[in-house]
Protein chains: 2
Amino acid sequence: MAADPLSRVFAALADPTRRDMVARLAGGDATVSELAAPYDVTIQAVSKHLRVLTDAGLVSRTRDAQRRPVHLEAEVFDLMTKWIERYRREAEERYRRLDDVLAAMPDDVEPVPPAQDRPAKEGTS
Amino acid sequence: MAADPLSRVFAALADPTRRDMVARLAGGDATVSELAAPYDVTIQAVSKHLRVLTDAGLVSRTRDAQRRPVHLEAEVFDLMTKWIERYRREAEERYRRLDDVLAAMPDDVEPVPPAQDRPAKEGTS
DNA sequence: CCCTTCTTCAACCAAATAGTTGACAACAGT
DNA sequence: ACTGTTGTCAACTATTTGGTTGAAGAAGGG
């Protein structure tokens with residue numbers, strides 16, 4: 001099991017069903033059966049997804065009679081956002097600097113040759 | 001295999017080793033063996049991690065003699081950021097509105113009581 | 001031409017995950 | 001005190017994942 005919080009949050013959101021649940025919970029709290037309704041799986045499976053989201057700190061549970069309403073905890077998103085933004089910014093800054101270097105480079109200095117594609121199967125988007 | 005791009009990106013970053021690689025690539029391109037050096041796993045394992053990151057569109061590969069330098073593609077982060085921001089904002093907005101409602105609520109209306117969790121493993125009658 | 005370096009491919013293994021069914025706990029309403 | 005509703009727990013299964021070893025592809029340097 002992934003011990004660190006960031007891994008848990010990313011892993012929790014790597015599943016489309018769980019992302020859809022989060023999306024719907026952003027519109028308001030819901031019970032397990034309400035959440036389960038749109039999906040073609042058992043309510044137990046949904047209960048398991050909810051456990052993953054809870055362990056990741058993305059949702060919290062309360063009690064209302066037999067029901068266990070699910071509540072979205074939006075603050076945890078910040079963990080991810082901060083991580084993502086940090087490295088994206090760092091990388092983009094580096095490219096900007098690289099562009100400056102290239103722009104300032106005299107004509108007779110050849111940059112890295114194009115390195116053409118080999119016939120292999122691999123495809124990069 | 002997760003078909004949708006968003007799932008692939010989240011899943012790719014759910015692993016601490018892969019996140020660390022991304023973090024280091026934000027500082028500049030690197031070869032596979034350079035990337036592998038700090039970790040206590042085989043170079044093949046690192047190569048597999050790289051494949052996951054590539055499939056997620058987070059990195060791209062080129063060729064330089066025998067080497068296959070790895071390059072961070074920062075734009076893909078936007079996919080996640082957009083998703084995250086959308087639902088966080090939505091949820092937070094909803095709470096703000098809820099706060100307004102609560103603030104405007106007369107004193108004699110009680111909100112839901114705390115209702116703490118109970119273990120309930122094997123209770124008989 | 002070998003030979004070494006850098007990297008990937010293939011087969012295999014252990015552990016985690018997402019799903020299932022079946023049982024049962026907690027509570028509400030007669 | 002039953003009965004139905006809501007949800008969880010436990011055990012089982014199939015698939016995916018992250019790791020291993022061993023072999024092989026691709027390119028450069030004697």
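Labels below follow one simple rule: chain letters A, B, ... track the order of the sequence lines, proteins then strands, and each chain is numbered from 1. All values below were derived from every heavy atom in this structure, side-chain atoms included, with hydrogens, water molecules and symmetry-related copies excluded.
- Evaluation of atom-type donor-acceptor distances gives no pair under 3.5 Å for the side chain of Q66(A) against the base of dG4(D).
- A salt bridge links R19(A) with D4(B): the closest approach of a Lys/Arg side-chain nitrogen to an acidic carboxylate oxygen falls below 4.0 angstrom.
- In this structure, the separation between NZ on K48(A) and OG1 on T17(A) is 13.5 Å, given to the nearest 0.5 Å.
- For the pair G27(A) and E90(B), the tightest heavy-atom approach, listed with the atom from each and the gap, is N-OE2, 3.9 Å.
- Summary of helix geometry: the two end axes of the helix from dC1(C)-dG30(D) to dT30(C)-dA1(D), each defined by five base pairs via their C1' atoms, are inclined to each other by 10° (rounded to 10°).
- The minimum heavy-atom distance between R18(A) and H49(A), with the atom names listed, is NH1-ND1, 3.1 Å.
- Of all the residues in residues 20-43 of chain B, V41(B), T42(B) reach under 4.0 Å from DNA chain D with at least one non-hydrogen atom.
- Annotation: ring-ring contact (aromatic ring centres under 6.0 Å, His included) contacts of Y87(A) (sequence neighbours excluded): W83(A).
- R61(B) has a side-chain polar atom (N or O) that falls below the 4.0 Å cut-off from OP1 or OP2 of dT8(C).
- For D20(A), the side chain to side chain contact (heavy atoms under 4.5 Å, CB included) test picks out R24(A), Y39(A), with sequence neighbours left out.
- Pairing each heavy atom of A30(A) with each of E34(A), the nearest pair is CA-OE1, 3.3 Å.
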Tabulate below the donor-acceptor pairs under 3.5 Å that side-chain atoms of residues 50-57 of chain A make, not counting sequence neighbours, or state none.
residue, atom, partner, partner atom, Å
T54(A), OG1, L50(A), O, 2.6

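- Classification of R67(A) and D29(A) as a salt-bridged pair fails, no side-chain N sitting under 4.0 Å from a carboxylate O.
- Within the 4.0 Å cut-off from OP1 or OP2 of dA18(C), at least one side-chain nitrogen or oxygen of R18(A) is found.
- Across the protein-nucleic acid pair, Q44(B) atom CD and dC9(C) atom P stand 12 Å apart, rounded to whole Å.
- Regarding contacts with the backbone of dA27(D), a side-chain N or O of R63(B) is found under 4.0 angstrom from either OP1 or OP2.
- DNA chain C lies under 4.0 Å from at least one heavy atom of each of the following residues of residues 45-56 of chain A: A45(A), K48(A), H49(A).
- Rounding to whole angstrom units, CZ of residue R67(B) and C1' of dA27(D) are separated by 9 Å.
- The nearest whole Å value for the distance from the CZ atom in R68(B) to the C1' atom in dA27(D) is 12 Å.
- Two residues are said to be in side-chain contact when any heavy atoms from C-beta on lie closer than 4.5 Å; L13(B) and M80(B) meet this criterion.
- Distance CG (D15(A)) to C1' (dT17(C)): 10 Å, rounded to an integer number of Å.
- Rounded to the nearest 0.5 Å, atoms OG1 (T62(B)) and NE2 (H71(B)) are 8.5 Å apart.
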